Amino acid sequence: MKALDAPQDINADWLSRPSTQVAPDLIGCVLVRQLPDGKILRGLIVETEAYTPDDPACHAYRRRTPRNSVMFGPAGACYVYLIYGIYHCLNVVTDLDGIPSAVLIRALQLETSPPWIDPQKNVKLHRLAAGPGKLCLALKIDLSLNATLLQPVQPLWLEHRSEQFQQQLNESPSNLTQTTRIGLTQGVDLPWRWYLTDSSAVSKRG
DNA sequence: TATAGGATAGCT
DNA sequence: GCTATCCTATAA
C-alpha cells in the first residue's frame with residue numbers, strides 16, 4: 001500500500017490535453033524507467049518541448065506516416081524516433097485521439113547513475129541526461145519502446161510532481177522558463193520550450 | 001527504387 | 001563549424 005504523500009502516477013487523462021499545456025506541467029515530474037532485469041531508474045524532468053498538429057516542426061504536420069502514426073493515437077503512449085542515424089528521442093503523446101501532438105522530453109536530472117555508466121569516466125550525474133539523445137542513451141531507450149504505454153509495469157512511466165516541488169514552484173514561478181525550441185529549421189519562433197531555470201541538467205542554457 | 005536530410009552531440 | 005550514420009519521407 002502506498003503512502004498518502006507518495007507521488008501519483010500520471011495517467012492518460014492528464015496527458016489528454018494540448019501539448020503546449022502538458023509540456024510545462026511535465027517539468028518537475030519524474031520519468032521512471034524499468035529495465036528488462038527489473039532495475040528502476042528515475043529522473044526529474046527539467047526540459048520539455050511541445051509539438052502540435054499545425055506546427056511545421058511537428059513530424060505529423062503533413063500527414064500520417066508509419067513513423068509518426070503513434071502521435072495520432074490517444075495520449076499516454078511513447079513516440080520514439082531515431083535522429084541523425086545515431087540518437088533516439090523520447091516523446092510523450094498528448095491530446096485527444098486523432099489529434100497528432102507530443103511533448104519531447106529534452107533533459108532529466110537523474111537520481112542515480114545508471115549501472116552501465118563507467119564511474120572512471122568522471123561524467124557528472126547532472127550531465128548524463130542533459131539532452132534528448134543523451135537521455136535515451138542513459139535510460140536505454142530505443143525504437144523498441146515506440147508506442148509502448150506510459151504506465152507502471154511498462155518499461156516507462158511518469159509520476160506527478162512531489163508536493164515539495166509544487167510548493168517551491170508556487171512560491172517562485174520564475175523557476176519555470178519558457179522560450180523558443182532548439183535545433184529546428186521550421187517553427188523556430190514558437191515559444192514552446194520549457195526548462196527548470198536553475199537546473200544544471202538542462203541541455204543548453206538559454 | 002533512389003536520395004536528401006534530420007526535434008543531436010562531441011570534437012576542432 | 002563539422003560530421004557520424006541510418007531511418008524516413010518524398011519524389012520518380
Side-chain angles (χ1 to χ4, degrees), chain A residues 15 18-27 29 31 43 45-73 75 77-95 99-110 113-114 116-118 120-148 150 156 158 177-196 199-206:
Chain A
L15 296 169
S19 56
T20 48
Q21 288 180 30
V22 174
D25 286 355
L26 276 174
I27 301 293
C29 296
L31 179 67
I45 298 173
V46 298
E47 184 181 0
T48 58
E49 284 180 359
Y51 292 84
T52 71
D54 55 351
D55 165 13
C58 181
H59 286 174
Y61 178 60
R62 289 170 172 278
R63 72 182 93 256
R64 184 173 183 145
T65 67
R67 178 176 68 158
N68 67 27
S69 66
V70 62
M71 270 206 273
F72 285 77
C78 298
Y79 169 47
V80 181
Y81 66 92
L82 180 69
I83 184 139
Y84 299 112
I86 305 177
Y87 299 103
H88 297 275
C89 290
L90 171 69
N91 294 253
V92 175
V93 174
T94 55
D95 219 315
I99 301 183
S101 70
V103 173
L104 172 68
I105 309 297
R106 285 194 56 91
L108 303 174
Q109 172 65 248
L110 293 179
S113 187
W116 51 85
I117 299 296
D118 185 356
Q120 311 294 76
K121 292 242 167 157
N122 195 31
V123 275
K124 300 278 192 265
L125 183 61
H126 67 278
R127 301 310 295 167
L128 278 178
K134 297 174 73 177
L135 174 166
C136 287
L137 278 175
L139 298 190
K140 286 202 186 310
I141 294 167
D142 62 22
L143 289 180
S144 69
L145 296 191
N146 187 42
T148 58
L150 287 157
L156 284 168
L158 295 163
T177 298
Q178 177 175 190
T179 182
T180 51
R181 298 175 295 183
I182 288 182
L184 306 172
T185 56
Q186 311 251 22
V188 292
D189 294 326
L190 294 169
W192 289 349
R193 172 176 171 242
W194 289 265
Y195 65 90
L196 198 57
S199 173
S200 58
V202 170
S203 65
K204 294 180 187 175
R205 312 320 313 272

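First the proteins, then the strands, lettered A, B, ... as listed; each starts at 1. A quick note: this is a predicted structure, and the numbers were derived from the prediction, not measured.
- In this structure the side chain of Ile105(A) reaches within 4.5 angstrom of the side chain of Val92(A), judged on heavy atoms.
- With a cut-off of 3.5 Å on both Watson-Crick or G-U wobble distances, the partner of dG6(B) is given as dC6(C).
- Atoms SG and CG, from Cys58(A) and Leu190(A) in turn, are 11.5 Å apart once rounded to the nearest 0.5 Å.
- In this structure, His88(A) atom NE2 and dG6(B) atom C1' are separated by 14 Å, rounded to whole Å.
- The CG atom of Leu190(A) sits 13 Å away from the C1' atom of dA7(B) (whole-angstrom rounding).
- Only Leu104(A), Arg106(A), listed by number, bring a heavy atom of residues 100-109 of chain A to less than 4.0 angstrom from any atom of DNA chain B.
- Counting to the nearest Å, the P atom of dA9(B) and the CZ atom of Arg127(A) are 10 Å from each other.
- Atom OH of Tyr84(A) is separated from atom C1' of dC2(C) by 13 Å (rounded to the nearest Å).
- Across the protein-nucleic acid pair, Glu49(A) atom CD and dA7(B) atom P stand 10 Å apart, rounded to whole Å.
- Here CG of Leu31(A) is found 6.0 Å from CD1 of Ile141(A). Values are rounded to the nearest 0.5 Å.
- Other residues, nucleotides and ligands place more than 12 heavy atoms under 6.0 Å from the CZ atom of Arg64(A).
- What separates CD1 of Ile86(A) from P of dT3(C) is a distance of 13 Å, to the nearest Å.
- With no hydrogens or angles considered, no side-chain donor-acceptor pair links Ser19(A) and Thr52(A) at under 3.5 Å.
- With sequence neighbours left out, Arg67(A) forms a salt bridge (Lys or Arg N to Asp or Glu O under 4.0 Å) with no residue at all.
- Backbone-only contact: Gly133(A) has heavy atoms under 4.0 Å from sugar-phosphate atoms and none from a base.
- Tyr81(A) contributes a side-chain N or O that forms a donor-acceptor pair with the base of dA7(B) under 3.5 Å.
- Contact between the side-chain N/O atoms of Thr65(A) and the OP1/OP2 oxygens of dT8(C) is not found at any separation under 4.0 Å.
- Nucleic acid contact class of Arg181(A) (heavy atoms, under 4.0 Å, all strands): none.
- Between the OH atom of Tyr51(A) and the C1' atom of dA7(B) there is a distance of 4 Å, given to the nearest Å.
- Considering only side-chain N and O atoms, Arg62(A) lies nowhere under 4.0 angstrom from the phosphate OP1 or OP2 of dA9(C).
- Distance OH (Tyr87(A)) to P (dT3(C)): 16 Å, rounded to an integer number of Å.
- For Arg63(A), a side-chain nitrogen or oxygen approaches OP1 or OP2 of dT10(C) to under 4.0 Å.
- A 3.5 Å limit on both hydrogen-bonding distances identifies dT1(B) as the Watson-Crick or G-U partner of dA11(C).
- Remark: side-chain polar atoms of Arg106(A) are not paired, donor with acceptor, to backbone N or O of Ala130(A) under 3.5 angstrom.
- Of the candidate nucleotides dA7(B), dA9(B), dA9(C), dA9(B) has the atom lying nearest to any side-chain atom of Pro132(A).
- Each of dA9(C), dC6(C), dA9(B) was ranked by its minimum atom distance to the side chain of Leu82(A); first place goes to dC6(C).
- Within the 4.5 Å cutoff, the side chain of Trp194(A) has heavy atoms near those of the Gln178(A) side chain.
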